[in-house]
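To start, the structure itself, in structure tokens.
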Amino acid sequence: MNISTQSTQDPTAASTVLSGNQIEKSISGPSGVLTILHALDIAVPAGEAVAIVGPSGSGKSTLLGILAGLDTPTSGSVHMLGESLTELDEDERARLRAGKVGFVFQSFQLLPGLTALENVMLPLELANAADASDRAMHMLEQVGLADRATHQPLQLSGGEQQRVAIARAFVAQPALLFADEPTGNLDSGTGHKITDLMFSLREQLGSALVLVTHDDKLALRCDRRLQMGDGKLAVV
Amino acid sequence: MNFPQQLRFAGKAFKRDIRAGELRVLALALIVAVASVTAVGFFTDRIGRAMERQAADVLAADLLATSGLAIPESIAERAKQNGLSVAEHTRFPSVIINADDESQLVAVKAVTSGYPLRGALKLTMIDDISKPAPLDSPAPGTVWIDTQLKNILAVNQGDTLTLGAMDFRVERLIQFEPDRGENVFEIAPRVMMHADDLDASQLLGPGSRARFTLLMAGEVGPVDEMQDWLKETMADEVRVQSVRDGSPQLRRALDRAQRFLGLASVVTVLLAGAAIALAVRQFSLHQADASAVLRTLGASRTEVVTWLALRLGMIVVLASAIGIIIGWFAQLLLAQLLSTWFSMELPAAGLWAPVIGALTAFIAVAGFGLLPVLRAGRVEVMRVLQRDYSGLDTSVFVTTVIGLVATYIVVLLQSRDWLLSAIVVAGVVVMLGVFALFGRFIIKVVRSIAGARFRLSVAGLQRRAGSSVVQLAAFAMGIMALLLIAIVRVDVLEAWEQDIPEDAPNVFVVNIQPDQVEGFDQRLDSQDINVAGIFPMVRARLASHNGVATVMEEGNTRQERRARREYNLTYSDAQPLGGEVVTGEWWATDGSAEPAWSIEEEWAGHFGYEIGDTLTFKIAGVDVTAPIKNFRKVDWESFQVNFFVVASPATLVDMPATFVTSFKIDTDFSTTTSGWAREFPGIAALDIGAIMERVKTLMDRASMAVEYVFMFTVLAGICVLLAAVQSSQGERIRESALLRALGASHQQIKHAVVAEFAILGAIAGFLAAFFATVVAWALSRFVFELPFEINGWLWIIGVIGGAIGISIAGFLATRRVLVTPPVVALRNTA
């Protein structure tokens with residue numbers, strides 16, 4: 001499958017939004033140094049959806065963390081949205097993410113004290129965006145949860161929580177979206193609906209997507225699939 | 001699994017717990033609790049004893065047995081067997097004659113070697129009063145005299161005085177006699193001789209009016225034992241007097257200090273209990289996962305519960321040991337500090353404190369941890385595996401009841417007072433209720449008005465404080481305890497300072513004859529000495545109450561002894577200074593009042609008198625009967641002339657009276673009073689400045705102890721607040737990581753954390769100020785018996801101090817949150 005999803009509204013669509021060069025990650029454990037990622041290269045053009053697949057423990061999530069700037073590589077460099085992440089400190093990386101990068105986690109990660117609406121408003125507020133409330137409400141409508149806006153996470157089902165998480169991921173119209181096993185905690189029916197929702201929003205907004213999964217069906221919906229094994233990536 | 005296997009299994013888990021830091025918060029809370037309870041316990045124990053010993057100076061012993069007949073040998077023998085040191089003195093009036101054949105009525109005190117057992121006499125040479133000249137006890141054939149006798153008989157060093165059938169050489173001048181204050185109205189000048197001379201001097205014939213006293217001193221345990229034994233078996237033979245029933249001024253100072261120290265340690269225990277409750281609950285919630293996994297692997301519920309309980313038991317043992325060691329060192333340091341203040345070696349600490357410390361830890365963990373542990377064992381496995389924790393933490397009621405029982409026992413251990421403990425626990429219940437109700441309400445209000453800027457903070461607040469009443473209550477209780485101890489401390493100290501006013505009299509003059517009153521008044525005037533008044537004093541014995549005779553000839557029961565005692569009565573139109581009517585009314589002040597008595601409140605309570613009862617006093621052979629018109633509260637600490645019984649003038653004006661007055665002089669006592677004895681024969685001027693100085697010193701030291709214990713409570717409070725904050729740290733770390741992933745900066749997260757704690761602290765401070773005011777009022781009114789004023793600063797300090805204090809504590813405790821790498825958010829944690 002090689003479907004173009006380049007957005008017609010985005011003038012920088014052809015450029016690369018995320019690239020990693022010679023990324024290495026090793027950790028020292030009780031039995032010596034363990035290398036998880038070996039001199040790994042990756043490039044994600046704007047608007048493209050890339051799936052990273054592989055067995056458990058192959059380093060998929062570690063790679064995702066490094067690409068998103070949540071973690072740092074032992075060596076090598078990562079460029080996101082035109083900036084070199086390896087040259088930024090943690091705060092600067094956070095500022096870069098604010099409002100431009102979205103996340104969908106396997107365990108939803110909604111803040112329990114905030115309502116659904118407030119959870120969706122979070123990225124906008126962190127980026128000091130105006131009309132956060134209106135935009136968040138609009139987003140909730142798009143994921144079909146407008147009537148649950150004032151509910152707290154514990155009052156929502158798993159599928160509903162993940163829909164709120166997706167609304168939160170897309171509300172700032174991010175150029176780049178990271179998803180880590182987004183359907184891992186859901187039954188297959190609900191998972192399917194969530195996937196549909198995520199991909200349709202992505203197409204609407206033209207966001208690039210880096211998706212980590214071991215679900216082949218889900219991976220097949222992406223433009224490109226990369227296989228993780230022995231700390232290296234291979235095109236499927 | 002059999003028990004040894006379970007123990008091994010739990011032991012392994014315990015080691016892992018320690019390595020992984022799983023028990024860190026609970027261990028910290030326990031160590032703080034045990035250390036502070038132990039240190040405060042050790043400390044109050046030792047200070048209490050030191051203060052009692054200081055008070056013992058006033059008796060010259062820890063325990064006295066007094067009688068009109070020689071003290072039975074068996075008492076002294078028993079005291080020695082109990083390891084107490086003993087001494088004796090015998091007091092009686094006699095007449096002393098100098099070489100010029102001038103005679104003077106004196107109060108003789110014949111002492112054995114070893115007197116005084118507590119405190120010390122201050123002696124100088126007769127002619128040179130500038131430097132001390134100590135001696136152990138009067139050598140046989142010599143006497144020591146006081147300033148009064150020196151002035152009356154113009155005695156010089158080495159003069160010979162005749163007492164009974166013996167001549168004595170005058171060796172020393174007594175500047176201070178520790179137990180003289182016991183009866184300041186023992187007006188005759190003092191002569192002190194050795195008891196061995198009693199026989200040769202033939203001073204004590206049959207029928208002579210002597211008071212025999214056995215002095216005893218030693219460790220607290222044996223002294224208490226001896227006192228109990230005396231009261232049980234010797235009550236008919238001797239009157240028993242200990243430090244606690246010594247002079248009213250000292251007794252009250254001591255009582256207040258001990259009540260305060262007790263309060264401080266109860267508060268420390270409460271704070272620590274709150275922290276343990278938080279931590280143990282957190283531990284049980286954390287263990288729900290592991291318990292569920294064990295259950296799926298085939299462990300029975302009992303095995304899971306045993307496994308958890310054993311680990312809690314192990315942490316109690318370990319933390320108690322560490323806490324006791326820390327507590328021991330803390331009090332060593334304290335004793336070191338205080339030994340200079342007390343100018344005496346502090347008595348050794350008892351073993352009670354570490355026992356209480358360990359018991360506190362054990363009961364608190366059992367009380368607050370038992371139910372959560374049982375729940376963790378009984379939880380439905382599937383719910384935990386699906387990460388639904390709602391069933392784990394619902395039965396607030398049962399948890400609260402068990403927790404309160406534990407609190408009651410812990411407070412009881414500390415206060416050893418059933419009623420006080422019940423009041424404290426009831427207070428805690430009311431407070432927790434109000435904290436819960438108003439806390440939730442205020443958080444809701446704050447949330448609805450907080451903008452985007454504070455939404456994160458308030459949401460965190462609502463989530464954490466809302467899910468657990470205890471969390472908010474811990475802060476509020478902590479702040480309240482600190483505010484309370486701060487106010488009470490200031491009040492107690494101020495009241496003490498006011499207790500002995502700067503112009504408190506240091507000289508009493510007694511035995512002024514009616515025809516000397518005017519002349520003496522003028523004499524005082526000419527020496528620029530101001531007096532509040534010269535009061536009549538009538539000596540009387542209690543004859544009957546409501547017509548029932550109280551005097552029985554030759555009886556020797558306590559009641560009869562009390563009845564035979566001589567009392568000093570006075571009469572007055574106006575209400576005396578330093579006393580207020582608490583029941584009934586004062587009589588007409590224009591001289592028209594009918595005969596009536598005004599009785600000191602406690603004294604009346606002692607005898608069971610009611611308003612309207614008639615009392616008859618026998619005065620110089622005449623029975624005087626009148627009704628009781630009112631009860632007065634007397635401020636004994638004012639050092640003014642005070643009387644148990646005051647009569648309306650009509651009652652006593654015709655009775656033989658002498659007059660008494662008191663005043664303050666800044667000049668030297670001997671010089672000021674030197675001519676008086678010859679100019680106004682019979683009058684006696686008594687120097688009580690030295691006694692007052694002792695009371696003042698005691699109060700100063702007690703207030704230092706209070707300051708120190710207060711600091712300790714503050715430290716414990718801060719540690720406990722930190723522990724409370726830390727118990728929510730795991731949750732905060734996950735949240736912070738997520739926010740970081742979504743692009744929040746350090747600054748934003750720091751602001752959110754600090755603002756959350758500041759808001760929480762302000763709310764807690766507000767509630768705390770309210771309760772501190774209520775409790776301070778109750779304490780002032782009922783426990784310390786001090787006047788109460790509403791303190792506006794309390795609210796300001798409570799709210800602002802709460803916000804600042806809690807946000808600093810919160811920030812310090814959650815620093816780790818800020819450095820959590822955001823990648824944590826990717827890990828699969830719910």
Quick check: closest heavy atoms across [X] and [Y], and the distance to 0.1 Å?
X        : Y        : answer
A/Ala98  : B/Gly743 : CB-O, 3.6 Å
A/Phe103 : B/Ala741 : CE1-O, 3.0 Å
B/Arg740 : A/Ala94  : NH1-CB, 4.1 Å

Fill in: Note, A/Leu122 side chain near B/Leu739 side chain (heavy atom, < 4.5 Å)
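Yes - at least one pair of side-chain heavy atoms lies under 4.5 Å apart.
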Practice prompt. Evaluate whether atom NE2 of A/His214 has more than 12 neighbouring non-hydrogen atoms of other residues, nucleotides or ligands under 6.0 angstrom away.
Written response: no
Item to complete: Look at atom CZ of B/Phe766 and say whether more than 12 heavy atoms of other residues, nucleotides or ligands are closer to it than 6.0 Å.
Response: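 No, not enclosed.
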Practice prompt. Could you name each residue pair satisfying salt bridge (Lys or Arg N to Asp or Glu O under 4.0 Å) that touches residues 757-766 of chain B, not counting sequence neighbours?
Written response: none
Item to complete: Using non-hydrogen atoms and a 4.5 Å limit, figure out which bit of A/Arg93 sits close to chain B: side chain, backbone, both or neither.
Response: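 It is neither, since no heavy atom gets under 4.5 Å.
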Discussion item. Can you tell me how far apart CZ (A/Arg95) and CD (B/Gln748) are? Round to the nearest 0.5 Å.
Written reply: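 It comes to 9.0 Å.
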